[in-house]
Amino acid sequence: MTIAKLRDFVSAMTREADTADSPNALMEAARPLLADLIREDDWLPEDCARPDEKFYRQYLLHCDPRERFSLVSFVWGPGQKTPIHDHTVWGLIGMLRGEEISTQYAQGADGRFAPTGEAIRLTPGEIDAVSPEIGDVHKVENALADRPSISIHLYGANIGAVERHVFDAQTGQPKPFISGYSNSAVPNLWDRSSRAR
Ligand code: FE2
């Protein structure tokens, strides 16, 4: 297990954020970096991989100091799922461990939210995307009934502090929500002492 992969990802993403001329450009530049990060499941700190009995967990792995992006590990216990929600910024969802199901929704003329097509089943190494341009409303759930699943989410903002919405599927009624994070300390990317020693 090596934290260096996470550190390298953060460094590369920061370089991209410094040069990207639009949120879309940053999202596209981020995709191969996230694909590299989730190619092997040997770097996520245990503290950020722990499921909770009742609720899915969102552990902040890193937030850009200028809040241009944030990286979060989503840990799903068996059977856990989100309500229908939006993001208001771009997001990339990379599957690391287990499997999850993402269903996109759109609001019809009657105000109700209905799935826009088949649900996507993500397996390790695969990436799904959301954004206000390509479809921003979805519901996500652990596809596995007997064990946790973990996906690594990258967003174009400090996602835990973004004001967004959950929706009632039947009425279409939005409810404001701010997700926050499940952890109060982020992984230490910067202790290079083992190499220095
Ligand atoms: Fe989401």
Side-chain angles (χ1 to χ4, degrees), residues 9 13 23-24 26-28 30-31 33-35 37-38 44 48-52 54-64 67-107 112-144 148-170 172-183:
F9 172 86
M13 256 316 279
N24 264 344
L26 182 55
M27 176 178 167
E28 286 317 315
R31 203 183 266 266
L33 300 181
L34 183 62
L37 181 66
I38 61 168
L44 183 66
C48 299
R50 225 166 259 138
D52 176 80
K54 283 211 182 95
F55 303 107
Y56 63 90
R57 306 270 81 179
Q58 316 165 66
Y59 299 104
L60 178 66
L61 300 175
H62 176 77
C63 182
D64 171 58
E67 298 180 292
R68 297 169 297 183
F69 65 91
S70 58
L71 187 73
V72 180
S73 63
F74 264 67
V75 182
W76 310 91
Q80 291 175 355
K81 64 175 96 170
T82 67
I84 299 172
H85 64 276
D86 67 5
H87 311 83
T88 77
V89 295
W90 63 264
L92 294 174
I93 296 129
M95 204 69 218
L96 184 73
R97 196 179 301 176
E99 293 177 30
E100 72 184 36
I101 295 170
S102 170
T103 312
Q104 279 227 340
Y105 283 79
Q107 196 163 27
R112 293 183 185 198
F113 278 91
T116 56
E118 292 285 300
I120 297 170
R121 193 181 178 108
L122 288 178
T123 57
E126 291 185 315
I127 292 178
D128 189 20
V130 292
S131 85
E133 284 83 41
I134 62 175
D136 195 32
V137 178
H138 70 172
K139 183 180 82 180
V140 184
E141 58 202 289
N142 189 352
L144 307 177
S149 289
I150 301 179
S151 49
I152 305 300
H153 297 203
L154 179 67
Y155 299 97
N158 175 6
I159 194 66
V162 172
E163 290 183 37
R164 43 202 184 116
H165 312 88
V166 296
F167 301 97
D168 182 299
Q170 292 313 308
Q173 198 62 38
K175 201 172 90 187
F177 108 103
I178 299 176
S179 67
Y181 297 112
S182 307
N183 51 341

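A quick note: this is a predicted structure, and the numbers were derived from the prediction, not measured. Every number for a ligand or one of its atoms is a count from 1 in the order of the listing.
- Leu154 CG to Trp90 CH2: the interatomic distance, rounded to the nearest 0.5 Å, is 4.0 Å.
- Proximity of the aromatic rings of His138 and His85 is defined here by a centroid distance below 6.0 angstrom, and this criterion is met.
- No side-chain donor-acceptor contact under 3.5 Å links Asp86 and Tyr105.
- Taken to the nearest 0.5 Å, the CD atom of Gln58 stands 4.5 Å off from the OG atom of Ser179.
- Residues satisfying the side chain to side chain contact (heavy atoms under 4.5 Å, CB included) test with Ala106, not counting sequence neighbours, are Thr116.
- Classified by interplanar angle (parallel below 30°, tilted 30° to 60°, perpendicular above 60°), the ring pair Phe113/Phe167 is tilted.
- Listed by chain and number, His85 NE2, His87 NE2, His138 NE2 are the protein N/O/S atoms closer than 2.8 Å to the Fe ion (ligand 1), with waters left out.
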